[in-house]
Amino acid sequence: MMSRIIGLEVEYGLIGICADGSAIDDETLGAALFDRIQRRSGHRDIFLENGGRLYLDVGNHPEYATPECIDPLDAITYERAGMIIMHKLVQRTQIKLTEAMGQPVILHLLRNNVDSHGHSWGYHENYSVDRAGEYRRLVSLLLPFLVTRQLISGTGHLMTTTRGEYRYVISQRAFHIADGLSDETTHHRPFINDRDETHADPSQWRRLHVIGGDTPMHTYQAWLSLAITQLVLDVIEILVALPADKGSALVMVAGDL
């Protein structure tokens with residue numbers, strides 16, 4: 001594999017239910033979850049000892065980002081560490097809310113990508129790509145792969161049809177993706193977000209921000225999806241660097257990945 005920076009961002013859903021059946025609003029949940037962090041640091045956005053980042057994102061949902069890695073296995077290892085960190089944070093918050101409200105409170109931390117109200121949370125992948133390459137050409141070659149990758153990286157979902165019937169689908173996130181490439185993140189979401197934040201030398205690298213994938217539950221599935229994507233990017237970057245008259249046949253093959 002070529003040497004490139006890889007990073008992951010996981011958006012979590014959080015639901016709080018009191019013993020009397022009432023739900024706790026998002027703002028209260030977010031404030032309680034990050035109360036100790038805010039008192040210590042002055043804000044709800046911190047870098048962790050492992051180099052990752054934990055913060056309260058727009059909409060009062062928690063998000064964890066891994067540190068920058070150069071190996072898919074390292075990225076998945078740090079992402080799994082984030083699950084443990086979030087679990088412990090939620091457990092502590094549940095105890096605190098139970099004491100504050102004078103009744104048992106149950107918090108549910110969600111890694112799925114959809115809810116019954118039509119909201120969607122993301123699992124964002126970041127890859128550094130060569131700034132000198134033809135970015136639009138790279139994206140056009142990568143998109144067919146990202147679509148078919150859902151066969152191995154989709155987490156599955158039961159949809160309700162207009163007739164009230166249940167239908168199993170491979171991917172949760174796919175039904176919330178409306179474009180291939182754009183700068184949107186919430187409305188008309190693309191597979192690839194065009195926002196360019198390199199976290200490296202911007203004259204040499206740019207960020208490829210993939211936001212169309214599902215949040216994998218199984219560790220092997222998560223690693224396989226990330227590793228194969230890096231391999232495909234390696235091949236595509238070689239093809240994009242070739243002169244058009246010498247690499248056209250290979251580019252056509254890459255387009256069928």
Side-chain angles (χ1 to χ4, degrees), residues 1-14 45-59 61-90 109-114 120-129 138-139 142-143 145-147 149-150 152-156 171-174 176-177 181 185-186 189-200 205-234:
M1 289 186 181
M2 297 181 182
S3 179
R4 71 173 76 246
I5 295 173
I6 306 172
L8 297 167
E9 306 162 36
V10 187
E11 297 178 349
Y12 287 89
L14 186 62
D45 187 340
I46 60 169
F47 282 95
L48 305 170
E49 292 182 4
N50 69 359
R53 182 183 169 202
L54 179 65
Y55 50 103
L56 193 65
D57 204 0
V58 177
H61 69 78
E63 184 164 347
Y64 169 83
T66 70
E68 290 83 355
C69 303
I70 57 173
D71 181 88
L73 182 58
D74 286 345
I76 296 303
T77 300
Y78 280 109
E79 189 262 293
R80 300 289 121 160
M83 291 176 59
I84 298 173
I85 293 170
M86 288 299 307
H87 179 66
K88 290 182 177 179
L89 184 61
V90 167
L109 184 68
L110 309 176
R111 277 177 60 90
N112 57 314
N113 297 107
V114 295
S120 180
W121 296 283
Y123 184 82
H124 299 175
E125 307 159 51
N126 300 285
Y127 307 88
S128 61
V129 296
L138 180 148
V139 168
L142 183 62
L143 281 173
F145 163 73
L146 292 179
V147 172
R149 189 185 67 166
Q150 299 292 64
I152 63 169
S153 63
T155 55
S171 170
Q172 296 183 17
R173 184 72 164 170
H176 295 266
I177 302 299
L181 174 69
T185 56
T186 54
R189 292 185 185 91
F191 257 108
I192 299 174
N193 176 262
D194 208 22
R195 187 172 58 196
D196 183 13
E197 297 173 347
T198 59
H199 291 193
W205 305 100
R206 74 165 292 154
R207 179 177 74 157
L208 179 71
H209 191 43
V210 179
I211 67 172
D214 286 18
T215 307
M217 293 298 294
H218 197 284
T219 302
Y220 180 74
Q221 177 199 27
W223 171 82
L224 183 64
S225 177
L226 202 63
I228 293 177
T229 303
Q230 182 172 359
L231 285 171
V232 171
L233 276 173
D234 290 351

*Asks:* To the nearest 0.5 angstrom, please state how far the CD1 atom of Ile6 sits from the OG1 atom of Thr229.
*Replies:* 9.0 Å

*Asks:* Does the pair Tyr127 and Leu226 meet the rule for a side-chain contact (heavy atoms from CB on, under 4.5 Å), with working shown?
*Replies:* CA-CA 10 Å; Tyr127 307 88; Leu226 202 63; 3.1 Å; yes

*Asks:* Indicate yes or no for a side-chain donor-acceptor contact from Thr66 to the backbone of Glu79 under 3.5 Å, with no hydrogens or angles considered.
*Replies:* no

*Asks:* Show the nearest heavy-atom pair for residues Asp57 and Glu63, with the distance to one decimal.
*Replies:* OD2-OE1, 2.6 Å

*Asks:* Mind listing the closest non-hydrogen atom pair of Asn50 and Ala81 along with its distance?
*Replies:* ND2-CB, 4.5 Å

*Asks:* For Arg207, enumerate each residue passing the salt bridge (Lys or Arg N to Asp or Glu O under 4.0 Å) test, keeping only those at least two apart in sequence or located in another chain.
*Replies:* Glu9, Glu197

*Asks:* Go through the steps for Arg111 and Met86 under the test side-chain contact (heavy atoms from CB on, under 4.5 Å), then give the verdict.
*Replies:* CA-CA 11 Å; Arg111 277 177 60 90; Met86 288 299 307; over 6 Å; no

*Asks:* According to side-chain contact (heavy atoms from CB on, under 4.5 Å), who are the partners of Ile152, at least two apart in sequence or on a separate chain?
*Replies:* Arg149, Leu224, Ile228

*Asks:* Please evaluate residues Phe191 and Val147 with respect to the criterion side-chain contact (heavy atoms from CB on, under 4.5 Å), reporting the C-alpha separation (whole Å), side-chain torsions for both, the decisive distance (0.1 Å), and the verdict.
*Replies:* CA-CA 9 Å; Phe191 257 108; Val147 172; 3.8 Å; yes

*Asks:* Count the heavy atoms belonging to other residues, nucleotides or ligands that lie under 6.0 Å from OH of Tyr12, then report whether that count exceeds 12.
*Replies:* yes

*Asks:* Report the residues that fulfil ring pair (Phe, Tyr, Trp, His ring centres under 6.0 Å) with His176, sequence neighbours left out, ordered by chain and then residue number.
*Replies:* none

*Asks:* Out of curiosity, Arg195 CZ to His124 NE2, how far, rounded to the nearest 0.5 Å?
*Replies:* 8.5 Å

*Asks:* Checking Thr77 side chain against Leu73 main chain: does a donor-acceptor pair fall under 3.5 Å?
*Replies:* yes

*Asks:* State the CG-CD1 distance between Leu146 and Ile211, to the nearest 0.5 angstrom.
*Replies:* 11.5 Å

*Asks:* Fit a plane to each ring of Trp223 and Tyr220, take the angle between them on a 0 to 90° scale, and name the class: parallel (under 30°), tilted (30 to 60°) or perpendicular (over 60°).
*Replies:* tilted

*Asks:* Quick one: salt bridge (Lys or Arg N to Asp or Glu O under 4.0 Å) partners of Arg4, sequence neighbours excluded?
*Replies:* Asp234, Glu237

*Asks:* Taking Asn113's backbone N and O only, do any of them form a donor-acceptor pair with Gln172's side chain (distance below 3.5 Å, no angle check)?
*Replies:* yes

*Asks:* For Asn112 and Val114, indicate whether the former's side chain and the latter's backbone hold a donor-acceptor pair under 3.5 Å.
*Replies:* yes

*Asks:* With a 4.5 Å limit on heavy-atom distance, are the side chains of Arg189 and Ser120 in contact?
*Replies:* yes

*Asks:* Looking only at non-hydrogen atoms, find the nearest pair between Glu11 and Gly122 and report the distance.
*Replies:* OE1-N, 2.7 Å

*Asks:* Looking only at non-hydrogen atoms, find the nearest pair between Gln150 and Ala174 and report the distance.
*Replies:* NE2-CB, 4.1 Å

*Asks:* Using the side-chain contact (heavy atoms from CB on, under 4.5 Å) rule, take Trp121 and Thr215 through it: C-alpha gap first, then chi angles, then the decisive distance, then the call.
*Replies:* CA-CA 9 Å; Trp121 296 283; Thr215 307; over 6 Å; no

*Asks:* Measure the shortest side-chain to side-chain distance between Asp214 and Ser171 over non-hydrogen atoms and say whether it is less than 4.5 angstrom.
*Replies:* yes

*Asks:* Quick one: ring pair (Phe, Tyr, Trp, His ring centres under 6.0 Å) partners of Trp205, sequence neighbours excluded?
*Replies:* none

*Asks:* How long is the straight-line distance from CG of Asn126 back to CD1 of Ile5, given to the nearest 0.5 Å?
*Replies:* 10.0 Å

*Asks:* Can you tell me how far the CD atom of Gln230 sits from the OG atom of Ser3, to the nearest 0.5 Å?
*Replies:* 8.5 Å

*Asks:* Would you compute the distance between atom OG of Ser225 and atom OH of Tyr123 and round it to the nearest 0.5 angstrom?
*Replies:* 7.5 Å

*Asks:* Would you say Asp74's side chain and Cys69's backbone share a donor-acceptor pair under 3.5 angstrom?
*Replies:* no

*Asks:* Asp194: which residues meet the salt bridge (Lys or Arg N to Asp or Glu O under 4.0 Å) condition with it, sequence neighbours left out?
*Replies:* Arg136, Arg206

